[in-house]
Amino acid sequence: MPELPEVETVRRGLAPALVGATIALVELRRHDLRLPFPERFAARLQGRRILELRRRAKYLIADLDDAQSLIMHLGMSGSFRIDDETPGAFRRENGKKSAAHDHVVFHIDHGKRIVYNDPRRFGCMLLVATDEIGADKRFRDLGVEPLSDALDVPFLAGAFQGRAAPVKALLLDQRLIAGLGNIYVCEALHRAHISPLRAAGSLVTAGGRPKAPLARLPQAIKDVLSDALRAGGSSLRDHRQIDGSLGYFQHSFRVYGREGAACPTPGCKGTIARVVQSGRSTFYCPACQR
DNA sequence: CTGTGTTCCTGTTCGC
DNA sequence: TGCGAACAGGAACACA
């Protein structure tokens, strides 16, 4: 369930249960996800206290009291839930099905279990020295946080200038902006009325100045992410938030998954189209996104 | 360096 | 109802 708003929602849900708590025991139910778990993963976590739970891009980072950090990525289908340790008080309503892909169980000293479930196993968990995270190859090249002041019009103008790739491809590139994924890129481009197919460089003048549509893009990105965050993220399928409730931003999608629907832009008579760009679905309105 | 395509894995949905 | 194909929120890697 994982673009920036979903990962941040997970972080906020887990933080009260994890920050300041101690990991009593870790159950590893397989030796790898997308990557092998680190050597002695469970042993190295046992007895560690969690000082802080942070997010960078789509990564969750738990800083531990031994100067190491547990880094977690949810991939495409990863999720966390919090269970009571009490043997009888088993999972909530839709029980056994989810247990099939419970790969990691963190037993916390206050008597709860944090369970990581990931059917497709595209997620990963790593252990890295806290002060070396910035130098790690996964983090070294990450771009700006889209909700930070670093994402502004001049930044995008500089990044887009001279680039022939479609603007959608650049927005998905984590080395430029870190945290956007397929849904929110489609949604942001619709809000900015920019065609996802347009060459990124065509949004900048020869002199390197942003053209009018580009001037709308950073705010459109921030708006859609803030709106999604406020809604607790998007729950495709039956993905749940930590507390079991559903994020509801999927009801606010203007284009994603809405092929054939009327464009929601006021006054626009267009119909949402679906095309494939570098192997992934793009949804947009050919009438008001140019 | 740039841009595109493939791959990892399982589950769900869609069309016949 | 059954069955195969298409598709799914990510990102690393191979290749032209």
Side-chain angles (χ1 to χ4, degrees), chain A residues 1-11 29-36 55-60 71-80 94 96-103 116-126 136-143 146 159-188 196-202 224-225 228-229 231-241 246-253 255-260 274-283:
Chain A
M1 48 187 290
E3 295 182 41
L4 186 153
E6 291 73 40
V7 177
E8 177 61 21
T9 298
V10 169
R11 190 195 69 76
R29 301 196 173 162
R30 51 178 303 127
H31 76 284
D32 66 351
L33 295 171
R34 192 170 129 70
L35 303 171
R55 180 193 57 74
R56 169 73 169 117
K58 300 171 194 170
Y59 291 91
L60 289 170
I71 295 173
M72 299 169 280
H73 195 292
L74 304 177
M76 203 80 125
S77 60
S79 64
F80 282 98
N94 56 351
K96 47 219 160 163
K97 221 178 127 190
S98 57
H101 300 289
D102 290 349
H103 304 309
Y116 179 70
N117 182 284
D118 188 354
R120 292 177 74 179
R121 305 202 303 273
F122 286 171
C124 65
M125 293 196 188
L126 313 164
D136 185 278
K137 68 176 197 286
R138 288 179 183 72
F139 288 81
R140 196 179 43 210
D141 300 324
L142 283 178
F160 287 0
Q161 188 171 22
R163 299 295 298 270
V167 58
K168 188 203 180 195
L170 291 199
L171 294 181
L172 279 174
D173 188 341
Q174 303 298 299
R175 294 168 300 185
L176 234 202
I177 305 175
L180 296 181
N182 204 33
I183 292 178
Y184 295 105
V185 165
C186 289
E187 293 295 316
L197 307 174
R198 187 165 171 175
S202 78
V224 72
L225 294 178
L229 226 27
S234 303
S235 304
L236 270 55
R237 305 255 157 84
D238 61 348
H239 269 300
R240 281 162 189 282
Q241 306 307 326
L246 291 164
Y248 52 88
F249 189 71
Q250 66 277 13
H251 303 302
S252 300
F253 290 166
V255 291
Y256 187 83
R258 304 191 66 241
E259 182 182 15
R274 172 182 173 275
V275 296
V276 174
Q277 289 181 283
S278 48
R280 313 195 62 190
S281 288
T282 293
F283 297 91

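Computed from a prediction, not measured in an experiment: that's the story for all the values here. Each chain gets a letter, A, B and so on, in the order the sequences are listed, and its residues count up from 1. Atoms considered below: every heavy atom in the structure, side chains included; atoms not considered: hydrogens, waters and symmetry mates.
Taking both residues in full, the closest heavy atoms of Q250(A) and L236(A) are given as CB-CD1, 4.2 Å, listed atom of the first, atom of the second, then distance.
In the model, N117(A) has no side-chain atom that pairs as donor or acceptor with a side-chain atom of S79(A) under 3.5 Å.
Taking 4.0 angstrom as the limit, R34(A) places none of its side-chain polar atoms (N or O) nearer than this to OP1 or OP2 of dG10(C). Distances shown here put every side-chain N or O of R138(A) at or beyond 4.0 Å from the OP1 or OP2 atom of dA11(C). Listed pair H101(A) / dT10(B) fails the phosphate criterion, with no side-chain N or O lying under 4.0 Å from OP1 or OP2. At dC7(C), none of the side-chain N or O atoms of R280(A) fall inside 4.0 Å of OP1 or OP2 (strictly under the cut-off). Checking the phosphate oxygens (OP1, OP2) of dA11(C), a side-chain nitrogen or oxygen of K58(A) falls inside 4.0 Å. A close approach under 4.0 Å does occur between a side-chain nitrogen or oxygen of S281(A) and OP1 or OP2 of dA8(C).
Rounded to whole Å, the P atom of dG5(B) lies 15 Å from the corresponding atom of dC7(C). Spacing between dG9(C) and dG3(B) at atom C1', rounded to whole Å, works out to 23 Å.
Following rounding to the nearest Å, L176(A) (CG) and dA11(C) (C1') show an atom-to-atom distance of 15 Å. For the pair D173(A) CG and dA12(C) P, the interatomic distance rounds to 10 Å; values are reported in whole Å. Taking atom CG of L172(A) as the reference point, atom P of dG3(B) lies 14 Å away to the nearest angstrom. When the P atom of dA8(C) is taken as reference, atom CE of M76(A) falls 8 Å away, rounded to whole Å. Spacing between atom CZ of F160(A) and atom C1' of dG3(B) amounts to 15 Å, rounded to whole angstrom units. Atoms CZ (R121(A)) and C1' (dA11(C)) sit 17 Å apart, rounded to a whole Å. Atom-to-atom, CG of D118(A) to C1' of dA8(C) comes out at 13 Å; the value is rounded to the nearest Å. For the pair L35(A) CG and dG10(C) P, the interatomic distance rounds to 17 Å; values are reported in whole Å.
The aromatic ring of F122(A) does not stack onto the base of dA11(C), failing the criterion of a centre distance under 5.5 Å from the six-membered base ring together with planes under 30° apart.
With contacts defined as side-chain heavy-atom distances shorter than 4.5 Å, the pair Y116(A)/M125(A) qualifies.
Of the possible donor and acceptor atoms, none in the side chain of K58(A) sits under 3.5 Å from a partner among the backbone N and O of E6(A). No donor-acceptor pair closer than 3.5 Å links the side chain of D141(A) to the backbone N or O of R175(A).
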Q | Which nucleotides of DNA chain C pair, in dot-bracket form (Watson-Crick or G-U under 3.5 Å, | meaning another strand) | A | .|||||||.|||||||
**Q.** Y184(A)/S234(A) under side-chain hydrogen bond (donor to acceptor under 3.5 Å, both in side chains): CA gap, chis, key distance, verdict
**A.** CA-CA 10 Å; Y184(A) 295 105; S234(A) 303; 2.7 Å; yes
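When heavy atoms are screened at a 4.0 angstrom cut-off, R175(A) is found touching no nucleic acid atom at all. Within the nucleic acid shown, A169(A) has no heavy atom closer than 4.0 Å to any nucleic acid atom.
A salt bridge between D32(A) and R30(A) is present, with a side-chain N of the basic residue lying under 4.0 Å from a carboxylate O of the acidic one.
For the pair G279(A) and Q174(A), both in contact range of DNA chain C, the more 5′-proximal nearest nucleotide belongs to G279(A).
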